[in-house]
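All values below were derived from every heavy atom in this structure, side-chain atoms included, with hydrogens, water molecules and symmetry-related copies excluded. Since this is a predicted model, take the numbers as computed values, not measurements. Chain naming here is simple, since letters A, B, ... match the order of the sequence lines and numbering starts at 1 in each.
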Number of protein chains: 2
Amino acid sequence: MTSDRDQLLRAAADHLARRPNATQDEIAKAIGISRATLHRHFAGRRELLAAVEESAVTRMDEALRAARLEEGTATQALHRLTTACEPVAPFLALLYTQGQDIPEQTHPGWEDIDERILELFRRGQRSGEFTPDLSAAWLTEAFYSLVAGAAWSVQSGRVAARDFQHMITDLLLHGVASAGRPSRETDR
Amino acid sequence: MTSDRDQLLRAAADHLARRPNATQDEIAKAIGISRATLHRHFAGRRELLAAVEESAVTRMDEALRAARLEEGTATQALHRLTTACEPVAPFLALLYTQGQDIPEQTHPGWEDIDERILELFRRGQRSGEFTPDLSAAWLTEAFYSLVAGAAWSVQSGRVAARDFQHMITDLLLHGVASAGRPSRETDR
DNA sequence: CTCTTTTGCGACATAAGTGTCTCAAAAGAC
DNA sequence: GTCTTTTGAGACACTTATGTCGCAAAAGAG
């Protein structure tokens, strides 16, 4: 039984998102391999988390590239961003459980990622699509929070995976108040 | 130097929110007491987290009671809820780092709390104030996510504490898109 | 099929963190 | 001021988890 490292990483990340204090022994059991094998791939918790983060940064980078945030309206770009983030969401949810200082301080890649998302919100504000009443910093934080929250809800079965993109962007763009909400076609 | 248990709990929770894997030794140092004293108040990590959760449930219960969610419009109630949650937000942020299964499974109090928030969103949907396009389950999850995200942002200095209530409810009610946003007075 | 690589198991060594205890010092109460 | 309570420090015992190793079995490659 040869294990695909990426698959192991994903399964381990999933388990850790639910049980952030899990031991290596517990993780190994949960994903169906031996502790020795887990150790051969990720020599301890530190290295496992570092691999998760590395993977998250790489995938977020790819997602952002695929989303081409400078093209089209800011609203369209936000849709593309959310869709592109979906496969990375479980990783982001896990990183949230490790504390807020990890992303910013341990991997330089986050700075660039944050800056690009921040710039999207700023662009939307400059173009008049997005309100200037809420700071771009808060909007970026809110975006991450909603993505992580959605990932957890999907994982726990409270909401359907197919609604991921829609529920985040709909709430982020239009909020919950009925008054002022666009009809279904106005977004595009 | 006599330590106030509640104050210790608060300080420990703050530290743990930033460093979820911190040892008791590290926590004790960070909050300025000895490990022995920390142990006298909270006999180990398990007991510390249990105290945090107990405190969070109690405070959320009080917050919900103070917010009187059945009174007035759902929109008004949401404002009151967010304001009332503010002092509990750092505890909620910490509980997020401990995994999503902790709140629902370890303390029965969360069920009641969740149900009351869920009911607020449902009430808003029934009255036509809130859109039926987004599930109440997602809205409840999103509410928690934004509260935790705001708590982290305030803690890290990225946004100002005085903006807590406004930035959450504004985003949750109206979203970020300029089109369709109410003027400043339409909320009340 | 053979040969190579990967894996799991079990045992034990090692490391890190927690629990416990004593006692003097510090702080609180009156 | 005296007496009581709380605290911190240090030492050591205990617990838990991780690291390491050898080797046979399982799996993969050709």
Side-chain angles (χ1 to χ4, degrees), chain A residues 1-56 91 93-102 105-107, chain B residues 1-56 91 93-102 105-107:
Chain A
M1 167 160 36
T2 300
S3 319
D4 176 56
R5 189 175 187 268
D6 266 7
Q7 241 181 342
L8 286 191
L9 189 59
R10 175 59 189 261
D14 280 351
H15 185 77
L16 266 169
R18 265 177 279 126
R19 307 246 329 137
N21 295 303
T23 60
Q24 297 292 92
D25 202 27
E26 182 185 323
I27 294 164
K29 285 193 177 80
I31 68 180
I33 60 174
S34 73
R35 180 159 68 80
T37 300
L38 182 63
H39 191 81
R40 286 186 187 110
H41 287 277
F42 313 105
R45 182 185 180 84
R46 178 182 290 262
E47 197 171 304
L48 176 59
L49 288 174
V52 167
E53 194 185 10
E54 179 71 47
S55 183
F91 285 71
L94 168 57
L95 291 176
Y96 251 90
T97 70
Q98 301 304 316
Q100 60 173 322
D101 55 358
I102 297 253
Q105 291 177 21
T106 57
H107 197 111
Chain B
M1 166 161 33
T2 302
S3 318
D4 177 58
R5 189 175 188 267
D6 266 7
Q7 242 181 337
L8 286 190
L9 189 59
R10 176 58 190 261
D14 280 352
H15 185 77
L16 266 169
R18 266 176 278 123
R19 306 255 318 146
N21 294 306
T23 61
Q24 296 293 91
D25 202 28
E26 180 185 321
I27 295 164
K29 283 194 176 79
I31 68 180
I33 61 173
S34 73
R35 182 157 68 82
T37 301
L38 181 65
H39 192 81
R40 287 190 186 106
H41 287 276
F42 313 105
R45 181 184 182 86
R46 178 182 289 261
E47 199 172 302
L48 177 57
L49 287 175
V52 167
E53 195 184 10
E54 181 70 45
S55 183
F91 285 72
L94 167 58
L95 291 176
Y96 253 90
T97 69
Q98 300 305 315
Q100 62 173 320
D101 55 355
I102 297 257
Q105 291 179 21
T106 56
H107 198 112

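- For the atom pair Leu8(A) CG and Leu48(A) CG, the distance stands at 10.0 Å (nearest 0.5 Å).
- At whole-Å resolution of the value, CG in Leu48(B) and P in dG17(C) are 16 Å apart.
- Of all the heavy atoms in Phe42(B) and Arg5(B), the pair that sits closest is CE2-NH2, 3.3 Å.
- In the region residues 21-28 of chain B, proximity to DNA chain C at under 4.0 angstrom, judged on heavy atoms, holds for Thr23(B), Gln24(B), Asp25(B).
- Residue Thr37(B) places none of its side-chain N or O atoms closer than 4.0 Å to OP1 or OP2 of dT7(D).
- Here the closest heavy-atom approach between residue His39(A) and residue Gly44(A) is recorded as ND1-N, 3.8 Å.
- Looking at Glu53(B) and Phe91(B), their side chains never come closer than 4.5 Å, going by heavy atoms from C-beta outward.
- The base of dG17(C) does not come close enough to the side chain of Arg35(B) for any donor and acceptor atom to sit less than 3.5 Å apart.
- By the 4.0 Å N-to-carboxylate-O rule, Asp14(B) lies too far from Arg18(B) to be salt-bridged with it.
- Arg46(B) places its CZ atom 16 Å from the C1' atom of dG17(C), with the value rounded to the nearest Å.
- To the nearest angstrom, P of dT7(C) lies 12 Å from CZ of Arg5(A).
- Side-chain contact between Arg45(A) and Asn21(B): present, with at least one pair of heavy atoms (C-beta onward) separated by less than 4.5 Å.
- Between Thr97(B) and Leu94(B), the shortest heavy-atom contact is OG1-O, 2.6 Å.
- At a threshold of 4.0 angstrom between heavy atoms, the contacts of Arg40(B) include nucleobase atoms, whether or not backbone atoms are also involved.
- To the nearest angstrom, P of dT7(D) lies 11 Å from CG of Leu38(B).
- The phosphate of dT20(D) has OP1 or OP2 within less than 4.0 Å of a side-chain N or O from His39(A).
- Asp25(A) contributes atom CG, which lies 9.5 Å from atom CG of Leu38(A) (distance to the nearest 0.5 angstrom).
- One atom, NE2 of His41(B), and another, C1' of dG19(C), lie 17 Å apart when rounded to the nearest Å.
- When the P atom of dT7(C) is taken as reference, atom NZ of Lys29(A) falls 18 Å away, rounded to whole Å.
- Distance, Asp4(B) CG to dA27(C) P: 17 Å, rounded to whole Å.
- The separation between Ile31(B) atom CD1 and dT7(D) atom C1' is 13 Å, rounded to whole Å.
- Between the two ends of the helix from dC1(C)-dG30(D) to dC30(C)-dG1(D), each summarised by a five-pair axis, the helix axis turns through 60° (rounded to 10 degrees).
- Pairing each heavy atom of Ala56(A) with each of Leu95(A), the nearest pair is CB-CD1, 3.8 Å.
- Comparing Ala36(A) and Phe42(B) by the nucleotide of DNA chain C whose heavy atom lies nearest to each, the residue mapping closer to the 5' end is Ala36(A).
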